[in-house]
4 protein chains.
Amino acid sequence: MSEDAISTARPGRPRSEKTRLAILEAAADLLLANGFADATIEAIAARAGVSKVTIYKWWPSRGAVAIDAYFHRFLQTTVFPDSGSTVDDITSQVLHLIETFRGRAGEVMAELLGQAQLDSALSEVLRERWLQPRRALSTAVLQRGIERGEIRSDVTVTVVLDEIYGPVYFRLMTRLHPLSDEFATELVRNVLRGVAP
Amino acid sequence: MSEDAISTARPGRPRSEKTRLAILEAAADLLLANGFADATIEAIAARAGVSKVTIYKWWPSRGAVAIDAYFHRFLQTTVFPDSGSTVDDITSQVLHLIETFRGRAGEVMAELLGQAQLDSALSEVLRERWLQPRRALSTAVLQRGIERGEIRSDVTVTVVLDEIYGPVYFRLMTRLHPLSDEFATELVRNVLRGVAP
Amino acid sequence: MSEDAISTARPGRPRSEKTRLAILEAAADLLLANGFADATIEAIAARAGVSKVTIYKWWPSRGAVAIDAYFHRFLQTTVFPDSGSTVDDITSQVLHLIETFRGRAGEVMAELLGQAQLDSALSEVLRERWLQPRRALSTAVLQRGIERGEIRSDVTVTVVLDEIYGPVYFRLMTRLHPLSDEFATELVRNVLRGVAP
Amino acid sequence: MSEDAISTARPGRPRSEKTRLAILEAAADLLLANGFADATIEAIAARAGVSKVTIYKWWPSRGAVAIDAYFHRFLQTTVFPDSGSTVDDITSQVLHLIETFRGRAGEVMAELLGQAQLDSALSEVLRERWLQPRRALSTAVLQRGIERGEIRSDVTVTVVLDEIYGPVYFRLMTRLHPLSDEFATELVRNVLRGVAP
DNA sequence: CTCTAACCGAGACGGTACGTCTCGTCTTTTG
DNA sequence: CAAAAGACGAGACGTACCGTCTCGGTTAGAG
């Protein structure tokens, strides 16, 4: 959708990178300012100085624009060093995630996840570009833990991943309790104790 | 919102219970048939043979109607017996929940939770009338577990609750992996092993 | 479409006469100011302080609104007295018509007739509400002429009507030559001489 | 506009005649198939396998293309012989015209005349290239009639021309009555009787 | 036999208006 | 006097064409 690195010159006027960025910036601004509800295609087009058709040309729905805009602002799949301790590594990852989620980025992510429940294409994009890359990092850490003997080898890794991330997103979306550092620390400690040999 | 039990005869024509039920039935039908997106106020009014104003009179938003309709169809806070084993009790509760979530009711609940991210009043209602009652039941079970010495007394109960329900709702909303019985069983076993003394 | 005089009170909020008039006035203003091209539904709605849906509710197309607006401003089927002379009576009618057509009303009528070529519903309305009533008046005059013996009884009245009005509308639409009084006078004289006994 | 006969070879690639014809053929096809409304610049370009810019390069508006396309298909200023009788000569011309107008060509001409009411450049082209050439032929016939003494010398020729062609175009555009041969015959007879000495 | 000017296709783009949808409010008549 | 019927203003939706603007590539006469 935007990662085209095709250098083989195609006929016709090439897509304007300036326009693409203007749209993403405008959408991100609106998203952060007033949330998803106000980030309408019309508002984005107006703010970016762009025609609606141009947006529809490249994105199938406003949800898709919103996600791209969100990634444009917040995406950075931080790579964490191997500390030698599974608990510490996972805790680092979770603390980093909830740090992001405590701010405006968390509210917007909640809205995007919410919208994804009504739009399966959006759901797909979120899974592929947001959730999976983060799970992949944690999967590697858990794998190392198993190899080191810190984690039982008969556990199902995907279940453990859900035990870690499920509660985080649950707190994000239900707002029953805050995403505090204490929560993260106890969560990871409990989970890993539960899968220790 | 709909549970008014005011029996003190007020002047004027009393609220029609028939109308209230017609609205809830219509909303539930639409919700199950085509999901939240199609359960518009206009569609509900048309199907219930009721005027839009009547709906607005008693519910503040279509999300509120949807939730009432959902509860009208699915709400039954099953009370589970004390089996003597914390793992078994919690497992029973979780299995019962995901059994519900595997059907159409799960898809609709996901949509409602999604919509709640864009509507804080909805979020409130979901917390109060859906999430909290179920957590209360599990809290009691966990409490018994602590008293029996099956669970360490220094754990934070709310964190454990999130460890149990977070993964369930996470799978419901992300659809990364299925809500299978095996998942539920391993999840509860892992969690409780993690908080065992 | 707008001439409903149904007094049998129907349920529901009645159509707002104020709104109807606001739409017609706005459309007429725009029509006279910048012509048909500028009298878009959006512009009419904006000027009348009315929603587009309300316009679409009562008129099927902007052409239909334009015609109603035109009639709202210009419609007055003047009845002419019987002078005793067919030539004088027809000349009076034609002079009166071209008098109207020489002004802005003529340009707008030309545009409406033009638009009617692309919209058969419009064409229908123009025939029924504009052309036919005027032809009916002239038909009566010609009939009197036949009875008096001023016109041959074997002529086809519709052909004579076309001989009178055809050239008028032809000049209106082609602008080859002006709609002068001299033209009208010579036209009617020639035509009636051609059908004299 | 398209009849450039400039043979003085200019530098650069010359205009492609193949392209010009492809555009006219495509436009004519669309015009006959679905009428003026569907003969959009985009549709013509797509059907001709030509870029929009190329069309805009050579024609100022879609109306202009449409007229050129119409002429490309239908234009043939038939020259009629002098039969010695003014009535017969004019009748021949009118019968030939309405013969054309009774088919699809008539509907398209009506649409073009309609569109010309909203586009003065179009109006100009229609006058110059369609109406005037035909009037010139009839003017010659009428002139001969005056010289022969069949027509009074004090009549205004342009008025008589309007008396002949006005009713034809009036019937074409209003569709009040059909363009039958009987109509044409009676029309011409009446008109010429009206200007006989 | 290259240079260069014009032509041409493909297609991106800003813009205007379209006709539709749903919302939440308002205004009547009916039971 | 509640409820139904339905008119209404507001505003976003997604689409259709418009006319303009790059691009890359072609085509021919002029140097």
Side-chain angles (χ1 to χ4, degrees), chain A residues 8-20 22 37-46 48-58 60-62, chain B residues 10-16 18-19 37-38 40-43 45-46 48-58 60-62, chain C residues 8-20 37-38 40-46 48-58 60-62, chain D residues 9-16 18-20 22 37-38 40-46 48-58 60-62:
Chain A
T8 48
R10 289 184 299 117
R13 179 174 171 176
R15 179 177 181 183
S16 161
E17 183 63 11
K18 212 183 79 187
T19 294
R20 194 184 72 90
D38 274 36
T40 63
I41 295 276
E42 304 229 319
I44 295 168
V50 143
S51 113
K52 282 197 293 175
V53 176
T54 302
I55 298 179
Y56 283 115
K57 185 112 217 275
W58 301 109
S61 67
R62 83 196 180 101
Chain B
R10 288 182 295 124
R13 181 169 167 180
R15 177 178 181 185
S16 162
K18 211 183 77 188
T19 295
D38 275 35
T40 63
I41 294 275
E42 308 225 318
V50 143
S51 120
K52 284 197 294 176
V53 178
T54 305
I55 298 179
Y56 283 116
K57 187 120 213 275
W58 302 106
S61 68
R62 81 192 181 108
Chain C
T8 48
R10 290 184 297 118
R13 178 174 173 176
R15 180 176 180 184
S16 163
E17 183 63 12
K18 212 183 78 188
T19 295
R20 194 183 72 89
D38 274 36
T40 63
I41 294 276
E42 304 229 318
I44 295 168
V50 143
S51 113
K52 283 198 293 175
V53 177
T54 303
I55 298 179
Y56 282 114
K57 186 111 216 273
W58 303 108
S61 68
R62 82 196 182 103
Chain D
R10 289 182 296 124
R13 178 175 172 176
R15 178 178 182 182
S16 160
K18 210 183 82 187
T19 296
R20 194 183 73 89
D38 275 34
T40 63
I41 293 276
E42 306 227 318
I44 295 168
V50 142
S51 117
K52 283 198 294 175
V53 177
T54 304
I55 298 179
Y56 282 116
K57 187 115 215 275
W58 303 108
S61 68
R62 82 193 180 107

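Closest non-hydrogen pair, C:A43 versus C:D38, comes out as CB-O, 3.8 Å. Of all heavy-atom pairs between A:S51 and A:A45, the closest is C-CB, 4.3 Å.
The distance from atom CZ of A:R15 to atom C1' of E:dA10 is 17 Å, rounded to the nearest whole Å. Atom-to-atom, NZ of B:K57 to C1' of E:dT25 comes out at 14 Å; the value is rounded to the nearest Å. One atom, CZ of A:R62, and another, P of F:dG14, lie 9 Å apart when rounded to the nearest Å. If you take CD1 of B:I55 and C1' of F:dA3, they are 12 Å apart, rounded to a whole angstrom. The distance between atom CD1 of C:I41 and atom C1' of E:dT16, rounded to the nearest whole Å, is 14 Å.
Sequence order on DNA chain F of the closest nucleotides to A:A39 and D:A37 puts A:A39 first from the 5' end. DNA chain F is contacted by both D:A43 and C:T19; C:T19 maps to the nucleotide lying nearer its 5′ end (nearest heavy atom per residue). Two residues, D:E42 and B:E42, neighbour DNA chain E, and the one matched to the more 5' nucleotide by heavy-atom proximity is D:E42. Nearest-nucleotide positions on DNA chain E place A:V50 closer to the 5' end than the other of A:V50 and C:D38.
Taking B:T54 as the reference, nothing meets the side chain to side chain donor-acceptor pair (under 3.5 Å) condition, with sequence neighbours excluded. The side chain to side chain donor-acceptor pair (under 3.5 Å) test applied to C:T40 returns no partner, not counting sequence neighbours.
The structure places CH2 of D:W58 at 10.0 Å from OG1 of D:T19, a figure rounded to the nearest 0.5 Å. The line from CZ of C:R62 to CD1 of C:I41 is 7.5 Å long, rounded to the nearest 0.5 Å.
Nucleic acid contact class of B:T40 (heavy atoms, under 4.0 Å, all strands): sugar-phosphate only.
Formation of a donor-acceptor pair under 3.5 Å by the C:R20 side chain with backbone atoms of C:R15 is not found in this model.
The shortest distance between the side-chain N/O atoms of D:W58 and the OP1/OP2 oxygens of E:dC7 is not below 4.0 Å. Not one side-chain nitrogen or oxygen of B:T54 sits closer than 4.0 Å to the OP1 or OP2 atom of F:dA2.
The side chain of D:S51 lies closest to E:dA10 when the candidates are E:dG19, E:dA10, F:dC8.
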Each nucleotide N or O in nucleotides 20-22 of chain F that has a protein N or O under 3.5 Å away: list the pair and distance.
| unit_1 | atom_1 | unit_2 | atom_2 | d |
| --- | --- | --- | --- | --- |
| F:dC21 | O2 | A:R13 | NH1 | 3.0 |

